[in-house]
**Q** 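This is the structure I want to talk about, given as structure tokens.
Small disclaimer: the values here were computed from a predicted structure and weren't measured. A note on names: the letters A, B, ... follow the listed sequences, proteins ahead of strands, and every chain is numbered from 1.
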2 protein chains.
Amino acid sequence: MNKAYDCLIIGAGPAGLTAGIYATRYALKTIIIGKPFESIITHAWNVENYPGFKEISGMDLIERFKEHARHFGVELVEEEVVSAEKNNEFFLITTDANKKIKTKTIILAMGSVPRKLNVPNEEDFIGKGVSYCATCDAPFFKDKVVAVVGGSDSAVMTALLLSQKSKKVYILYRREKLRAHPIEIKKVNSNEKIEVVYNAQIKKLVGRDVLEKIELTNGEELSVDGVFVEIGHVPNPVIAKNLGVKINEQGFIIVDEHMRTNIERVYSAGDICGTKEKLRQVITAAAEGAKAARSAYEDIEKNKK
Amino acid sequence: MNKAYDCLIIGAGPAGLTAGIYATRYALKTIIIGKPFESIITHAWNVENYPGFKEISGMDLIERFKEHARHFGVELVEEEVVSAEKNNEFFLITTDANKKIKTKTIILAMGSVPRKLNVPNEEDFIGKGVSYCATCDAPFFKDKVVAVVGGSDSAVMTALLLSQKSKKVYILYRREKLRAHPIEIKKVNSNEKIEVVYNAQIKKLVGRDVLEKIELTNGEELSVDGVFVEIGHVPNPVIAKNLGVKINEQGFIIVDEHMRTNIERVYSAGDICGTKEKLRQVITAAAEGAKAARSAYEDIEKNKK
């Protein structure tokens, strides 16, 4: 409780860890509260577009970011922030382990969580056929029939991953055209194990102990052993709201070009902030982390004068 | 001349090469015109803040970016663009080897060039004591006395590099306080070979065949064998002006948050664009390259409908 930090970063994904690298290089006493291996990037079994690495798993990439941040002396506390409040010139943060930490600046980089299907019984089948993380669960579906819900890059990448071991992979997408990178769509089209079902909406999940089939709203039924839900992510800005930080209509934190929020000495970076249309990638999240750290540093310097 | 590209990128630094990686992953037929080993990043003998690599030379980093882009099928032409014009739905680019190339979109990522001292005889001493690239020339000054002009990160990093082999290193800065990262300033202060001279302005360079001394505007003289000029970089937006692209007061290309310029299907990324205050780093340039490629892809898709 006695230690006061210059910069406290909430979230340990690409944005948070890069903010840590930059903040320590600006000689700020820096702490990150978050769990690197819970970042969404760890769900990516293969990252091919972080420049410098032709191919690397999300797990390995985040490990490298983590080691990089540690190398410069960032403290990493693998807990969760449960509350944040302003107290004169400091902010006071409390973690789920009841740790209390004082800091001059805060960078909000908590990313987002997977969006659910919102159909009956969904919760009941979690771990019994329903998964939100192909990287974690794909190996359990060797020689099985699976479905991927969604039409984005991550849906298509998940289908390609599953096709390596599973017997058959459906992609269920509610629209008429996949919206993934064309290069990935080509791979899907030439993959014999993958079948894309367009205009597909799931009505319900059926099974006794484990998932057995999917019922679509058009009455069709598909026998499957697993469903991978890849329909995007939603930000979780509770702590931001605590601090009075402004959120846009889609729930993302509003920032300016230097990653400043409306609250002085509070910044944001990565998936949790910006417009809905923003390109959300490791490279862009990392760049925003760097910018947020620079703004924190500048504002601390300004206050010294 | 017959081949038409979807995306032509001018400049092969971190921004241009990342734009190439992303553009090809968007299945765009992509060509880069530029010389990776002329990018400013190659002047950095040690990059410590590109996340994922604790320490890497600028040369090695750009090599990795280049290989990454090539891996996805980007064509790289190591020439220079001498003119660009719009011709109905295409742009027509001409290189210094008189190659003519048609393209639907252009990403301007030409970076910047080192700023000169602007003192008499400067040109005469290039290669005879005056250098704009420590990575290239530091080895020539083993056991010699050198001066670095500037107070930024790159000036301080250059001084630290030179201190490894040179006998004595002056940092000549026109202000009263270095503006490099505090962590680097600490290293300078604890380095016995480095002496910082504040409020220092160079009046002229003196020497018979090679540089022998520097005369400052306050009359002081310093005997040195070499001067490393590290006073920033200026963008070179000639081709942008050709195309009617708007430039701000400092000479940088004006872009929106998606890296679009005022000219349709022309984008910009990296050091050459944005406000003067923008954080200019490998990570931010790369992120902008990714964004520019996405915008090019989206605009091409839109035009198809």
**Q** Chain B heavy atoms under 4.5 Å from A:Glu288: which part of the residue, side chain, backbone, both or neither?
**A** neither

**Q** Tell me the closest heavy-atom pair linking A:Ile183 and B:Ala27, and the distance in Å.
**A** N-CB, 4.0 Å

**Q** With sequence neighbours excluded, tell me which residues meet ring-ring contact (aromatic ring centres under 6.0 Å, His included) with B:Tyr297.
**A** B:Tyr26

**Q** Only pairs of heavy atoms separated by less than 4.5 Å count here; which of B:Arg294, B:Glu184, B:Glu67 has the most with chain A?
**A** B:Arg294

**Q** Can you measure from CG (A:Leu279) to NZ (B:Lys291) and round to the nearest 0.5 angstrom?
**A** 7.5 Å

**Q** Assess whether salt bridge (Lys or Arg N to Asp or Glu O under 4.0 Å) is satisfied between A:Glu257 and B:Lys278, documenting all intermediate values.
**A** CA-CA 9 Å; A:Glu257 61 171 323; B:Lys278 187 176 86 170; over 6 Å; no

**Q** Go through A:Ile283 and B:Tyr22 one step at a time and tell me if the side-chain contact (heavy atoms from CB on, under 4.5 Å) criterion holds.
**A** CA-CA 11 Å; A:Ile283 190 74; B:Tyr22 269 77; 3.7 Å; yes

**Q** Using non-hydrogen atoms and a 4.5 Å limit, figure out which bit of A:Arg25 sits close to chain B: side chain, backbone, both or neither.
**A** both

**Q** Can you tell which part of A:Thr24 gets under 4.5 Å to a heavy atom of chain B, answering side chain, backbone, both or neither?
**A** backbone

**Q** Closest approach of B:Ala287 and A:Thr284, non-hydrogen atoms and distance?
**A** CB-CA, 3.8 Å

**Q** Do side-chain atoms of B:His68 reach the backbone of A:Glu48 as a donor and acceptor pair under 3.5 angstrom?
**A** yes

**Q** For A:His258, give me all partners under ring-ring contact (aromatic ring centres under 6.0 Å, His included), at least two apart in sequence or on another chain.
**A** none

**Q** Do you know which of B:Lys186, B:Lys54, B:Glu277 has the most heavy-atom pairs under 4.5 Å to chain A?
**A** B:Lys54

**Q** Rounded to the nearest 0.5 Å, what separates atom OG1 in A:Thr18 from atom OH in B:Tyr50?
**A** 9.5 Å

**Q** Test salt bridge (Lys or Arg N to Asp or Glu O under 4.0 Å) on A:Lys177 and B:Glu301 and set out the steps.
**A** CA-CA 13 Å; A:Lys177 195 187 160 203; B:Glu301 281 296 299; 3.6 Å; yes

**Q** So which of A:Ala285, A:Pro51, A:Pro14, A:Pro182 has the biggest tally of heavy-atom pairs under 4.5 Å with chain B?
**A** A:Pro51

**Q** Are B:Phe65 and A:Phe53 close enough that their ring centers fall under 6.0 Å?
**A** no

